[in-house]
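One structure is given below, encoded as structure tokens.
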Amino acid sequence: MGLGEAANFAAYAFAPATLVTPLGALSVLISAILSSYFLNEKLNIHGKLGCVLSILGSTVMVIHAPEEEEVTSLDEMESKLQDPAFVTFAVLLTVVVLVLIFIVAPSRGQTNILIYILTCSLIGAFSVSSVKGLGIAIKQMLQQKPVYRHSLVYILLGTLVLSVSTQINYLNKALDVFNTSLVTPIYYVCFTTTVVTCSIILFKEWSSMDLGDIIGTLSGFCSIIIGIFLLHAFKNTVVTWSQLVSAVTKEPSLPHHEYETCHTLLESMEDQALAYEEDNVLFSQ
């Protein structure tokens with residue numbers, strides 16, 4: 001698990017967050033596949049279809065991946081963090097998170113699934129931005145530059161620790177109260193949407209994309225969302241291919257059965273009519 005998080009950290013340092021964050025759904029997919037083989041957990045039709053959709057969506061997103069503005073130093077990262085658009089976005093995000101934590105969560109957190117999930121998802125924008133900045137610092141450190149003298153490194157490190165610990169806390173609260181099959185897809189959608197929005201504002205990742213690439217990226221993201229939903233929401237539903245085939249083959253026989261029933265009913269009505277006529281004949285005699 002630690003090796004996977006380290007690889008995820010490295011991915012944020014070298015690739016756009018718009019590409020890395022949605023592809024995190026592949027970890028859910030791989031976990032489902034491995035658990036079906038090694039833990040004997042059954043993967044039903046919905047789960048298999050969800051895996052296929054997630055793979056297709058990830059492939060489409062890789063093909064239409066955006067190109068972010070290259071940030072090679074902490075000074076450039078600092079100037080981007082001071083951009084008025086990002087400062088406004090960060091202030092609004094902080095206000096919403098504080099309202100959720102101190103006002104909404106104590107009263108409605110146990111009954112509304114979105115409260116805890118929105119809290120940890122919105123904070124994810126700060127954690128991913130901190131990871132991007134620390135990745136730049138590590139690359140400069142490997143170039144033997146004195147990054148430890150830059151105050152931004154310690155600000156990013158403190159922000160990362162605070163945001164990740166808060167995310168883990170509220171995600172665990174959501175998992176304790178609500179069903180995992182609901183928490184996982186909702187958290188994925190909220191977290192990915194927040195991180196992609198933050199990355200668009202901070203690194204201007206979509207400024208160089210044409211309309212076709214934007215539509216392709218959004219289509220791939222929607223495919224991944226549907227795949228994750230199918231994989232988790234219906235994981236306890238027992239449906240097999242044989243059941244579907246038998247249900248399809250039985251459907252054409254239904255009209256024939258209804259025809260036989262109606263034909264039998266008509267015959268019985270005709271028999272009753274003949275009997276009634278015979279009674280009238282006997283009565284008239």
Side-chain angles (χ1 to χ4, degrees), residues 8-25 57 60-62 64-101 114 117-139 150-153 155-164 166-167 170 186-222 224-225:
N8 194 34
F9 185 94
Y12 277 114
F14 294 99
T18 305
L19 176 62
V20 176
T21 306
L23 291 182
V60 171
M61 290 202 69
V62 170
H64 299 279
E67 295 182 0
E68 65 179 353
E69 292 183 0
E70 187 176 0
V71 181
T72 58
S73 66
L74 289 174
D75 293 329
E76 294 180 8
M77 184 68 184
E78 185 177 5
S79 64
K80 285 188 172 296
L81 292 173
Q82 294 174 354
D83 184 81
F86 178 75
V87 171
T88 304
F89 174 78
V91 170
L92 290 176
L93 213 61
T94 304
V95 171
V96 172
V97 169
L98 291 176
V99 170
L100 288 174
I101 291 176
L114 291 176
I117 293 178
L118 281 178
T119 302
C120 56
S121 299
L122 295 177
I123 296 175
F126 297 112
S127 62
V128 171
S129 301
S130 301
V131 167
K132 292 283 289 185
L134 291 174
I136 296 171
I138 292 174
K139 287 192 290 185
H150 208 297
S151 59
L152 182 61
V153 175
I155 295 174
L156 292 175
L157 185 60
T159 303
L160 179 62
V161 173
L162 180 62
S163 59
V164 169
T166 307
Q167 280 183 265
Y170 281 93
I186 295 175
Y187 173 68
Y188 171 78
V189 173
C190 295
F191 175 76
T192 305
T193 303
T194 305
V195 170
V196 169
T197 304
C198 177
S199 184
I200 291 172
I201 296 173
L202 181 59
F203 298 103
K204 310 294 189 296
E205 292 181 351
W206 287 28
S207 59
S208 60
M209 296 176 65
D210 55 18
L211 182 61
D213 289 333
I214 293 176
I215 294 175
T217 301
L218 293 177
S219 301
F221 180 46
C222 291
I224 295 174
I225 290 174

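The heavy-atom pair separating V195 from G124 by the smallest distance is CG2-O, 3.9 Å. Here the closest heavy-atom approach between residue A137 and residue V153 is recorded as CB-CG2, 4.1 Å. When every heavy atom of L160 is checked against every heavy atom of S127, the shortest pair comes out as CD1-O, 3.6 Å. Closest of all the heavy-atom pairs between L118 and C190 is CD2-SG, 4.1 Å. Minimum interatomic distance between I123 and S163 (heavy atoms only, all atoms of both residues): CG2-CB, 3.3 Å.
Residue pairs meeting the side chain to side chain donor-acceptor pair (under 3.5 Å) criterion with at least one member in residues 209-220, sequence neighbours excluded, are H64-D213.
With sequence neighbours excluded, no residue forms a side-chain hydrogen bond (donor to acceptor under 3.5 Å, both in side chains) with D83. For T166, there are no side-chain hydrogen bond (donor to acceptor under 3.5 Å, both in side chains) partners two or more places apart in sequence or in a different chain. Not counting sequence neighbours, the partners of V96 by the side-chain contact (heavy atoms from CB on, under 4.5 Å) test are L100, L122. With sequence neighbours left out, the side-chain contact (heavy atoms from CB on, under 4.5 Å) criterion links L157 to L134. In this view, T88 and L92 satisfy the side-chain contact (heavy atoms from CB on, under 4.5 Å) rule, not counting sequence neighbours. Looking at residues two or more places apart in sequence or on another chain, you find no ring pair (Phe, Tyr, Trp, His ring centres under 6.0 Å) involving F126. For I225, the side-chain contact (heavy atoms from CB on, under 4.5 Å) partners two or more places apart in sequence, or in a different chain, are Y188, V189, F221.
Between Y187 and F191, the ring-plane angle classifies as parallel under the 30° and 60° cut-offs.
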